Asks: 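Right, I'll just put the structure down here and ask away after.
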Amino acid sequence: MAEQKKKHKKRRTATRAAASIGPMVKEFIAGTVRAQREGAQKLAYSFIVCHHEEILRAMDVLPIWTENFAGVCGAKRDAERFLQRAESLGFSRSLCTYALCGLGFDHWREELGEMPPDAPWGGQARPDFMISTGQILCDPRAKWYQAAQQYMPDVPIYNIDLPYPLYHPDRDHREELPYYHKYIVEELKGLIAFVEEQTGKKMDYERLWERVRLSDKTWNLIEATYDLRSAIPCPMGTGDAMNTMVPINFMMATQDAYDFFLNLKQELEEKIKKKEGVVENEKYRLLWGGGLPSWFALGDFNYFNSKGAVFPAETTYRMVAPIAEMNIPKTDDPVEHLAWRWLGYWTFWYDKARQRKGGEPDVERLINYIERYKIDGVVMHEAFSCRTWHVGLIWQLHQLAKIYKPIPVLRLGKDGNKTQAWRENPSLVLESDIIDITSYSEVDTRNKIDAFIDTLESVAKSRVD
Amino acid sequence: MNGKNSVISSRVEALYRDYGKRAKELKDEGKTLIGYVCSFVPVEMISAAGCIPFRIRGDINEPVTKGDTVLETIVCPFIRSCFDLALKGKYDFLSGIVIPHGCDSMTRSYSTWSYSLDLPYAYFLNIPSVVKPASFEFFAEEIKTYKKTLEAFIGHEITEADISQAIKLHNAYRNKIRTIYDFRKSDPPMVSGVEISKILTVGTSLPVEEANALLDEIIEELKTRSEPPLKTGKRILVDGACVDHAGLVKLIEESGASVVAETTCNGMRDTFPLTDEQEDPFTGLARRYLDKINCPKTYRENRAGSFEGNIADRFGDIGRYAEHFHADGAILYVYKYCDPFGFEVPARKAYYNAIDLPLLWIEDLYSSGTMGQIKTRIQAFLEMIEQ
């Protein structure tokens, strides 16, 4: 493992902003360890995409993003010892490896009473409380901290339920939103009461509003920034976006996250002006259409780049949508606003999907990105240990193939004339895991990429012909 | 009666072997059948709509083939098998499906199910993950939406009286299952685990009135049974997810033990809890399905403040069943890729240890191909608890 770690090279980034993320993450992990030592702030184990960052930040609680720490262990190729420890406790390797890594780490830290030896970036601090979440998104998020309580029985949990209505083509989800909204508001208020009890502080609702407004502003800025990636040549790819996901998912509701995207936007605008792309000779524009990345193999994005392929867009970790298009009802209550935003985000593509016969929101989003970012092919990743983000991807590709057929199709122009167009959009599914490196073969992965590039080349030739 | 005229060895066996046979006949008679997976679907509403709830099962002897072309292999093997059979046309008699928020494998595959099968009715039922006053209120509203969608499908109103009547019928079914379980209390039990497995599977493939009539006949037969079907052996409780086939239990009983209880998704976890008939039907159903069904998917707050107290609260029903049915050991049978159960394995092991009940934990695929290896492990376990 030490040999493997030594050989592993740092991935090249295209933007200065993405390159600045590593030290930033290192600092906020170190910051939680420091905060625990100093005892000034309460620390909470937390999950991303819960729309509760504003509450935590407004109450000066420092979140410990446990998925992030597991990802760091994976990226540093140092997750295996924690995964093995979790297995020795009775957790199957087929379960979410983020959770296994975290549980293995926690068990080790609790056993020693200090950080495990050579813990990545100083290790993960012991929390004062844990906020788990049973949404219709991820079973491990409801089970992970409960399992961790076996080793930390004194650390309390608040489980925040955050459902949203699933898409039904023949039903308007808006009819159900009132009771969903009411429930989510109750859940968020329950969280506030829990945090008040844990911290001994009362919520300052004006301060909460400030945080909520800051997040909303950041969401819109992220949308505007990522839209710039539609430029040809593309100034920033998914490889970098796997870094810039950090401020989106781990720093939301902070001025730092907003400033980060201001800088990134400026950087991308400069690159576009100078026609500076991720690759010198951009041949193929790809969509990362689903699946979490293999954190230990982000260098594969550079390999794509070496073949002239760039990823102007991804669905993974782009956990924002344009606020203005959500039709969020006006309210004086920041908690109500958070609940509406939650529902607005998850139902964002529903109306658009309904407009297409046989449409479905996840597929609709892919189609939208394919058109908006002028995509030539779709790449997905099947991580064996995660059902949350990796079930349904094959079916989505089947649906896409019905639209982007490998035959010429006739398009009706606004002038009423029909023109012939090639819309084939080949796809590639990579297979591995998020942090379990034993599931990964660099040779196999790159052979698959090579074959995919050949396909893209062949399709491109057909289009010209 | 253990002979060829027995209801269990003839009718139950035939319905078990040709699963869906009766459903096909009912479809031909013009009845509407709605398929479902998981214990979380309030089947009462389907019955109240005048339709027939039909539990979709997998087949451990059928390799997953067609299903793998659209559904990932990292999905729970049980759900994959169910989906594969549905895609191959095994359940062509269904007019609709209901899939609940039971786990990620169900939730994330809902689109794949609904679009691939393209049935006239499909509904995803959202189940809260926590048990709090607000979650009961939310769930009761969600059940009302489920009712509305069924009404739109069948074209007429489902009245509260319809629902109350269906609640009574399904409660009666569950009470009859309990009565059958009582025949397991003797040593050796007067009904085998294999027989119970088949009865449980068959019961959820019939209209509730027919199932109740069948159970009545089974109860009468068991009352007159003079010889136990098994010899005295170690008494085993099977714990885990949905075990809708008799294969596992058969292995255990062929190894000289008797299965006396199943805290599984199609066993006591589902069949023992009743809906309160005195409550408003939506509240009653919300309480039964959210609170009384003790599924690992549902998070229960640690009120005890200690790990030991928490596991006693979470798994106490297992201990009570083990005591009630005089279990000598337990087998925790969990499917690979099952996150809700998988993350509970160490805690469940700790609980079994706390109640001093020997435990064998098996992680398996939903396939007859693994049964040989499992048999060896079961035999070793039984030898261990014999000592």
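Chain A is the first sequence line, chain B the second, and so forth, proteins listed ahead of strands; every chain is numbered from 1. Quick caveat, the model's predicted, so the values are computed rather than measured.
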Asks: Given that the side chain runs from C-beta out, which part of B/Lys132 has a heavy atom under 4.5 Å from chain A: side chain, backbone, both or neither?
Replies: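 Only the side chain of B/Lys132 comes within 4.5 Å of chain A.
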Asks: Write down the atom of B/Thr69, the atom of A/His398, and the distance for their closest heavy-atom approach.
Replies: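 Distance-wise, the nearest heavy atoms are O-NE2, 2.8 Å.
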Asks: If we define contacts as heavy-atom pairs under 4.5 Å, which of A/Glu186, A/Gln150, A/Gln399 has the most with chain B?
Replies: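 Option with the greatest count: A/Gln150.
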Asks: Name the option with the most non-hydrogen atom pairs under 4.5 Å to chain A; the candidates are B/Asp339, B/Asp118, B/Val75, B/Leu71.
Replies: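 The answer is B/Asp339.
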Asks: The test is ring pair (Phe, Tyr, Trp, His ring centres under 6.0 Å); show your working for A/His168 and B/Tyr123 and say whether it passes.
Replies: CA-CA 8 Å; A/His168 287 94; B/Tyr123 189 71; 5.2 Å; yes
Asks: Is there any residue in residues 358-366 of chain B with a non-hydrogen atom under 4.5 Å from a non-hydrogen atom of chain A, and which ones are they?
Replies: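 Within residues 358-366 of chain B, near chain A: B/Trp361, B/Glu363.
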Asks: Taking side chain as everything from C-beta outward and backbone as N, CA, C, O, which of these in A/Leu162 sits under 4.5 Å from a heavy atom of chain B? Side chain, backbone, both or neither.
Replies: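 Neither part.
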Asks: Nearest 0.5 Å, what's the CH2-OG distance between A/Trp395 and B/Ser111?
Replies: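 The OG atom of B/Ser111 is 5.0 Å from CH2 of A/Trp395, to the nearest 0.5 Å.
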Asks: So how far is it from B/Thr73 OG1 to A/Phe384 CZ, rounded to the nearest 0.5 Å?
Replies: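 With rounding to 0.5 Å, OG1 (B/Thr73) is 11.0 Å from CZ (A/Phe384).
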Asks: Using a cut-off of under 4.5 Å on heavy-atom pairs, state which of B/Ser105, B/Cys76, B/Ser306, B/Cys103 scores highest against chain A.
Replies: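 Ranked by heavy-atom pairs under 4.5 Å with chain A, first place is B/Cys103.
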Asks: Mind checking which of residues 340-353 of chain B sit less than 4.5 Å from chain A, heavy atom to heavy atom?
Replies: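 If one takes a 4.5 Å heavy-atom cut-off, the residues of residues 340-353 of chain B near chain A are B/Pro340, B/Gly342, B/Phe343, B/Glu344, B/Val345, B/Pro346, B/Ala347, B/Lys349, B/Ala350.
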Asks: What residue in B/Pro296, B/Gly305, B/Ser109, B/Pro133 has the most heavy-atom pairs under 4.5 Å with chain A?
Replies: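 Highest number of heavy-atom pairs under 4.5 Å: B/Pro296.
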Asks: Is the closest side-chain heavy-atom distance between B/Glu72 and A/His390 below 4.5 Å?
Replies: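 Sidechains of A/His390 and B/Glu72: no contact.
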Asks: Hey, does B/Ile74 have a side-chain heavy atom less than 4.5 Å from the side chain of A/Arg387?
Replies: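 Yes, close enough: below the 4.5 Å cut-off.
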Asks: Check for a donor-acceptor pair, side chain of A/Tyr180 on one end and backbone N or O of B/Phe138 on the other, with a separation under 3.5 Å.
Replies: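 Looks like no, no N/O pair under 3.5 Å.
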Asks: Sort out for me which of B/Asn310, B/Val334, B/Asn302, B/Ile311 touches chain A most, counting heavy-atom pairs under 4.5 Å.
Replies: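 Going by pairs under 4.5 Å, I would pick B/Asn302.
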Asks: If we define contacts as heavy-atom pairs under 4.5 Å, which of A/Ala142, A/Ala147, A/Pro140 has the most with chain B?
Replies: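 The option with the most such pairs is A/Pro140.
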Asks: Between chain B and each of A/Pro169, A/Pro153, A/Ser385, A/Cys138, count heavy-atom pairs under 4.5 Å; write down the option with the most.
Replies: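 Greatest number of close heavy-atom pairs with chain B: A/Cys138.
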Asks: Please look at A/Tyr151 and chain B and tell me whether the side chain, the backbone, both or neither of the residue comes under 4.5 angstrom of a heavy atom of that chain.
Replies: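 Side chain only.
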Asks: Which residue in the set B/Val130, B/Ile127, B/Val131 passes side chain to side chain contact (heavy atoms under 4.5 Å, CB included) when paired with A/Asp161?
Replies: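 When side chain to side chain contact (heavy atoms under 4.5 Å, CB included) is applied between A/Asp161 and each of B/Val130, B/Ile127, B/Val131, only B/Val130 qualifies.
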Asks: Okay, side chain of A/Gln149, backbone of B/Phe307: is any donor-acceptor separation there less than 3.5 Å?
Replies: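 Here the side-chain-to-backbone pair does not exist.
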Asks: Of the listed residues (A/Glu360, A/Gln396, A/Arg93), which shares the most heavy-atom pairs with chain B below a 4.5 Å separation?
Replies: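 Among the listed options, the one with the most contacts to chain B is A/Glu360.
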Asks: Relative to chain B, which segment of A/Ala383 carries a heavy atom at a distance below 4.5 Å: side chain, backbone, both, or neither?
Replies: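 The backbone, not the side chain.
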Asks: Run the salt bridge (Lys or Arg N to Asp or Glu O under 4.0 Å) test on B/Glu137 and A/Lys182 for me, step by step, so that the C-alpha distance in whole Å, both residues' side-chain angles and the decisive distance to 0.1 Å come before the verdict.
Replies: CA-CA 10 Å; B/Glu137 200 181 316; A/Lys182 187 180 176 199; 2.3 Å; yes
Asks: If you count heavy-atom pairs under 4.5 Å between each of B/Thr145, B/Thr149, B/Thr107 and chain A, which one has the most?
Replies: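 Result: the option with the highest number of such pairs is B/Thr145.
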Asks: Compute whether any side-chain donor of one residue and acceptor of the other, for A/Tyr179 and B/Glu142, lie under 3.5 angstrom apart.
Replies: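 There is such a pair (donor and acceptor under 3.5 Å, judged by atom type) between the side chains of A/Tyr179 and B/Glu142.
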Asks: Okay, side chain of B/Asp104, backbone of A/Asp139: is any donor-acceptor separation there less than 3.5 Å?
Replies: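 Pair found, side chain donor or acceptor close to backbone of A/Asp139.
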Asks: At a heavy-atom distance under 4.5 Å, which candidate from A/Trp389, A/Phe91, A/Tyr183 has the highest pair count against chain B?
Replies: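 Of the options given, most contacts go to A/Tyr183.
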Asks: Any donor-acceptor pair under 3.5 Å linking the side chain of A/Gln146 with the backbone of B/Tyr299?
Replies: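 Absent.
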Asks: Under a 4.5 Å cutoff for heavy-atom pairs, which residue among B/Ser135, B/Ser114, B/Ser116, B/Ala122 has the most contacts with chain A?
Replies: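 Highest number of pairs under 4.5 Å: B/Ser135.
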